[in-house]
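Side-chain atoms are counted along with the backbone in the values below, which use heavy atoms only and exclude waters and symmetry mates.
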Amino acid sequence: MAGRFSLSTANTLSHFASIMKPKILIQFDPDAHASTFDSIVAIDSGVDQLLQRANVTERDIEGLVHGAMFTRGVKDLCRTALFFGGSNVENTEALVAAAKKCFFGPMRVSIMSDPNGSNTTAAAAVLSAEKHGSLSEKKIVILAGTGPVGQRIAKIIASAASVVSASIFVCSRKLEKATSVVDDLSSSMDVPTGIELQPAQAGSVDEAAELTRDADVVFAAGAAGICLMDDRWQQNDRQQILIDINAVPPSGIAGVEVMDTGEQRGNSVCYGAIGVGGLKMKIHKLALQKLFETNDLVLDTETIYQLGTSLA
């Protein structure tokens, strides 16, 4: 009897030990130091253990990913996930591509890619605009659209099933750069009929004012502390949605406050960086939590946006 009790107890403990394995998130960052921001969001999202790896290169990936794949049985792989951050988007995307090549059959773990917060920020920006109606049949201008967030905003809108037609202007200070980015976006995705991706030059506030004068939605996706659009929009009779993701003064769109969350200013609805950031944080945390529901989830630009629709 004692032996049977002992064996039963051992089996029970083993069973609970299996189902209670800690949720481990491994944070890969090509920068010299793993992002403090990403680390704190991961902890606040409820992971049990955060492992940080900085200075990660493509040649490091196989060993690191295999270490995540082969230390747990298949049924427990959903308790391990990978997060790819970093300030250099191209470097991070190369790490993600290398990691995907390591997987085979059921031997894989879920991954999330959010270099420099570009995917979650772009998703939150688009979803903020969509709170005020469909983006179909709209003129959409993305100032500094050749940067990481701007490109992702364009990609999300162009690929959204709810947008059947739209004119999307991807802007840069130099038309050549905008043209190159539009060409790259067009070749990397199946742009639906009715969606026009167009390059545009907006190298000054005067050029930006002219381009946005008849726009329905304007995103300012530039670097911190750079004003891309002056306050001439306040004299515009046209109702517009203005979304500025720059949190550092001066504003990317003059007259839009950093805390604006759909405030009506004149004829326009305004969102500032912190106004968008509240939704961005919710999307980021939800995405991290979803990673541990299965072992084959890939959260990138479009899937993070789709996830965000449940929050917006």
Side-chain angles (χ1 to χ4, degrees), residues 84 89-90 92-94 96-97 99-100 110-172 177-200 211 215-222 241-243 245 271 276 279-280 282-284 286-288 290-291 294 296-312:
F84 293 85
V89 174
E90 290 183 0
T92 301
E93 289 181 338
V96 173
K100 290 178 179 178
S110 290
I111 64 177
M112 176 178 173
S113 173
D114 196 27
N116 219 20
S118 55
N119 286 329
T120 49
T121 300
V126 174
L127 289 165
S128 294
E130 290 181 324
K131 290 179 182 179
H132 305 278
S134 171
L135 299 184
S136 283
E137 301 181 2
K138 298 293 193 293
K139 177 182 177 179
I140 299 162
V141 176
I142 308 171
L143 300 174
T146 58
V149 175
Q151 290 188 47
R152 282 156 174 77
I153 289 172
K155 185 175 182 179
I156 288 171
I157 297 173
S159 61
S162 60
V163 182
V164 296
S165 64
S167 296
I168 305 169
F169 290 82
V170 178
C171 303
S172 176
K177 178 67 178 295
T179 300
S180 176
V181 167
V182 167
D183 288 344
D184 288 345
L185 284 171
S186 299
S187 63
S188 67
M189 58 183 293
D190 185 15
V191 180
T193 302
I195 301 295
E196 297 180 356
L197 277 174
Q198 301 185 48
L211 185 63
D216 298 292
V217 185
V218 179
F219 296 93
I241 300 171
L242 306 177
I243 299 177
I245 65 167
Y271 285 85
V276 172
L279 179 56
K280 175 258 190 297
K282 291 179 181 178
I283 295 171
H284 194 150
L286 178 61
L288 289 170
K290 288 289 183 181
L291 290 176
T294 179
D296 59 358
L297 188 63
V298 177
L299 291 177
D300 53 17
T301 303
E302 293 170 77
T303 49
I304 287 173
Y305 163 74
Q306 290 298 329
L307 189 61
T309 58
S310 66
L311 294 171

Residue pair I111 / K100, side-chain heavy-atom distance below 4.5 Å
yes
Nearest heavy-atom contact between A99 and F84 is CB-CZ, 3.6 Å
Please say whether more than 12 non-hydrogen atoms of neighbouring residues, nucleotides or ligands are located less than 6.0 Å from NZ in K290.
no
Atom CZ of F169 and atom CD1 of I142: how far apart are they, to the nearest 0.5 Å?
11.0 Å
Between D216 and I140, does the side chain to side chain contact (heavy atoms under 4.5 Å, CB included) criterion hold? Intermediate values first, please.
CA-CA 6 Å; D216 298 292; I140 299 162; 5.9 Å; no
Interatomic spacing from CD1 in I195 to OG in S165 - rounded to 0.5 Å:
6.0 Å
Non-hydrogen side-chain atoms of S187 and D183 separated by less than 4.5 Å
no
Around K139, counting heavy atoms of other residues, nucleotides and ligands shown, do more than 12 lie under 6.0 Å from its NZ?
yes
Atom pair CD1/OH of I153 and Y305 - distance to nearest 0.5 Å
12.0 Å
Between M112 and N119, does a side chain to side chain contact (heavy atoms under 4.5 Å, CB included) hold up when you go through it step by step?
CA-CA 10 Å; M112 176 178 173; N119 286 329; over 6 Å; no
Evaluate side chain to side chain contact (heavy atoms under 4.5 Å, CB included) for L185 paired with V191, printing each intermediate quantity in order.
CA-CA 9 Å; L185 284 171; V191 180; over 6 Å; no
I283 CD1 to L299 CG distance, which is reported to the nearest 0.5 Å:
11.5 Å
Treating S310 as the side-chain partner and L307 as the backbone partner, does any N or O pair qualify as donor plus acceptor under 3.5 Å?
yes
Determine, step by step, whether T301 and Q151 satisfy the side chain to side chain contact (heavy atoms under 4.5 Å, CB included) criterion, reporting the C-alpha distance in whole Å, the side-chain angles of both residues, the deciding distance to 0.1 Å, and the verdict.
CA-CA 10 Å; T301 303; Q151 290 188 47; over 6 Å; no
Identify the heavy atoms of L211 and C171 that sit nearest to each other, and give their distance.
CD2-SG, 3.2 Å
Is there side-chain contact between I156 and L127, with heavy atoms separated by less than 4.5 Å?
no
Distance-minimising heavy-atom pair for T294 and S110:
O-OG, 2.7 Å
Between K280 and D114, does any side-chain N to carboxylate O distance fall below 4.0 Å?
yes
Donor-acceptor contact below 3.5 Å, side chain S167 vs main chain E196
no
Grab the two heavy atoms, one from V298 and one from T303, that are nearest each other, plus how far apart they are.
O-OG1, 3.1 Å
Report the distance from atom CD1 of I304 to atom NE2 of H284, rounding to the nearest 0.5 Å.
8.0 Å
Does E137 CD have over 12 foreign heavy atoms under 6.0 Å away?
no
Measure the OG-CD1 distance between S128 and I243 for me, rounded to the nearest 0.5 Å.
5.5 Å
Give me the atom names and distance for the closest heavy-atom approach of V276 to T121.
CG1-O, 4.3 Å
For residues S118 and P148, report the shortest heavy-atom separation together with the two atoms involved.
CB-CB, 4.0 Å
